[in-house]
Amino acid sequence: GQQVMQIPQYQHVQEGEDFTTYCNSSTTLSNIQWYKQRPGGHPVFLIQLVKSGEVKKQKRLTFQFGEAKKNSSLHITATQTTDVGTYFCAGTGWETSGSRLTFGEGTQLTVNP
Amino acid sequence: ETGVTQSPTHLIKTRGQQVTLRCSSQSGHNTVSWYQQALGQGPQFIFQYYREEENGRGNFPPRFSGLQFPNYSSELNVNALELDDSALYLCASSPDGGGVIYEQYFGPGTRLTVT
C-alpha cells in the first residue's frame, strides 16, 4: 500500500532560524496536503498542492510539490514560537477515492525563544 | 475552530468492552472520515462515509465499524477492545463530491484509554 515518510522526526531551532521538513511517498500522488497539529490539539489544514512542481507561499511558509509528484517540502523562514507543533504531510493516491489521506509520521518542531 | 464536534472528549474502557464514539460534521459537509492517532504518530485512516455509505476502508479489522446518518453525523464503533486501541480518535469532515479532493476539517478528537 501507499506509504508516506517524513523527515526529520524532530527539529529543535532557535527563534529566527529556518526550518524545513521533507515528505516522500512510495507512489505517485494525485495531491498532497499539509497539516499542523499543536500540542494537545487536532490537525489543522494548511495547504493543498495538486500540480507537478507547484510552489505555494503563505507568509513565512513555502510549500513545494516535486516534479514527479512523489515528494514535497515545507519551509518556514525565521521561525517564531507560534510555529511550535507537529507538521504532517498527507497524500492522496490515484487509486483511492474521496479524500482518503495517508499521513506521514510528522515532524515535531520546537522553537527556543 | 472547525464546526466539527466529537463526543465524548475522553473515555476509559476495559479490554474486551465495546465503545461508540460520535461525530457531528461541519454544516454542508457530506463526507466523514475517521482516523486513529497513536501517541507520537500520524493519523491512520480507518474508514470514510459518503452519503451514508462506506466509501473506503483502511487496514483495520472488522471490529471497527461505523455509521453515517441522514444529517451526515457519524459513529465509530469498536468491539472487543484491545490495549493497542488506546489512541486519539479523530473525525474529519469534508464537502466531497465529484472526485474533487478537499481539505479535511478535523474535530477535537476523543482520547480513548483501554486498560
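For clarity, every value in this text was computed on a predicted model and none was experimentally measured. In what follows, chains carry the letters A, B, and so on, assigned in the order in which the sequence lines appear, proteins first and then strands, with residues in each chain numbered from 1.
- Chain B forms the most heavy-atom pairs under 4.5 Å with one residue out of A:Gly40, A:Pro43, A:Gly106, A:Gly104, and that residue is A:Pro43.
- Applying the 6.0 Å contact sphere to CZ of B:Phe64 captures more than 12 heavy atoms from other residues, nucleotides or ligands.
- Residue B:Asn71 qualifies as enclosed at atom CG: its count of foreign heavy atoms under 6.0 Å is above 12.
- Distance check: B:Tyr102 OH to A:Asn31 CG gives 12.0 Å after rounding to the nearest 0.5 Å.
- Checked by atom type and distance alone, the side chain of A:Gln37 never pairs as donor or acceptor with a backbone atom of B:Gly42 at under 3.5 Å.
- B:Val32 is connected to B:Val19 through a chain of hydrophobic side-chain contacts under 4.5 Å among Ile, Leu, Val, Met, Phe, Trp and Tyr, so both are in one cluster.
- For A:Gln108, no part sits under 4.5 Å from any heavy atom of chain B, backbone or side chain.
- Under the 4.5 Å side-chain heavy-atom criterion for Ile, Leu, Val, Met, Phe, Trp and Tyr, A:Val13 and A:Tyr87 are members of the same hydrophobic cluster.
- Using a 4.5 Å cut-off between side-chain heavy atoms of Ile, Leu, Val, Met, Phe, Trp and Tyr, with links allowed through other members, B:Leu76 and B:Phe45 fall into different hydrophobic clusters.
- With values rounded to the nearest 0.5 angstrom, A:Gln48 atom CD is found 8.0 Å from B:Glu103 atom CD.
- In this structure, the side chain of A:Arg100 engages the main chain of B:Arg57 through a donor-acceptor pair within 3.5 Å.
- B:Tyr89 and B:Tyr72 end up in different hydrophobic clusters when Ile, Leu, Val, Met, Phe, Trp and Tyr side chains are linked at under 4.5 Å.
- For B:Leu83, the CG atom is densely surrounded, since the number of other residues' heavy atoms within 6.0 Å is greater than 12.
- Atoms SG and NE2, on B:Cys91 and A:His42 in that order, are 11.0 Å from each other to the nearest 0.5 Å.
- Both the backbone and the side chain of A:Glu105 have a heavy atom closer than 4.5 Å to some heavy atom of chain B.
- Separation of the A:Tyr35 and B:Phe106 ring centroids falls under the 6.0 Å cut-off.
- Open room surrounds CD on B:Glu53; 12 or fewer heavy atoms of other groups in view lie less than 6.0 Å from it.
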request  = Evaluate side chain to side chain contact (heavy atoms under 4.5 Å, CB included) for A:Leu101 paired with B:Tyr35, printing each intermediate quantity in order.
outcome  = CA-CA 10 Å; A:Leu101 296 173; B:Tyr35 293 83; 3.6 Å; yes

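- When the candidates B:Gln44, B:Arg111, B:Gln41 are compared by the number of heavy-atom contacts under 4.5 Å with chain A, B:Gln41 comes out ahead.
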